[in-house]
Amino acid sequence: MPHPTPVQIAYGSVTVITLTFLTLLLVPADSLPVALAIAGGALAAGTGVALLVNARSGSSRSAAPAPVPASAPASVPAPVAAPRQGLAPVAERSGARV
């Protein structure tokens, strides 16, 4: 299993802390089971957010690989450019001595 990325850890931690803090402020936790349920729910939500971040970033990063160009069969030789016959070297055309 791959290790979580720093982005996953950050988003998951912020989610857990925020949900736990807000839930404890809004719901009076008079007993230990209620506090544990709040903490467990926040932990589950943080894990879900971390996995969701991984799914989004993984799909955008791993785009479809570029198609490999089809190579010519081995029996067909590659085309070779024919040499130009009509032009003389530059030194001969310009009359300059090299």
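Quick note: residue numbers are just sequence positions, from 1.
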Report task. Could you list who else is in Ile17's hydrophobic cluster, with ILVMFWY side chains joined at under 4.5 Å, directly or through other members? Result -> none
Report task. Would you name the heavy atoms of His3 and Gln8 that are closest together and state the gap between them? Result -> O-OE1, 4.4 Å
Query raised in the report: Rounded to the nearest 0.5 Å, what separation is found between the CG atom of Leu52 and the OG1 atom of Thr47?
Result: 12.5 Å
Under 3.5 Å, sequence neighbours excluded: what are the donor-acceptor pairs made by side chains of residues 19-26?
residue : atom : partner : partner atom : Å
Thr20   : OG1  : Val16   : O            : 2.7
Thr23   : OG1  : Leu19   : O            : 2.6

Query - Between CD1 on residue Ile38 and CG on residue Leu43, distance to nearest 0.5 Å - result: 13.5 Å
Requested in this report: Could you work out the complete set of other residues in the hydrophobic cluster of Val14, with links drawn between I, L, V, M, F, W and Y side chains under 4.5 Å apart?
Outcome: none
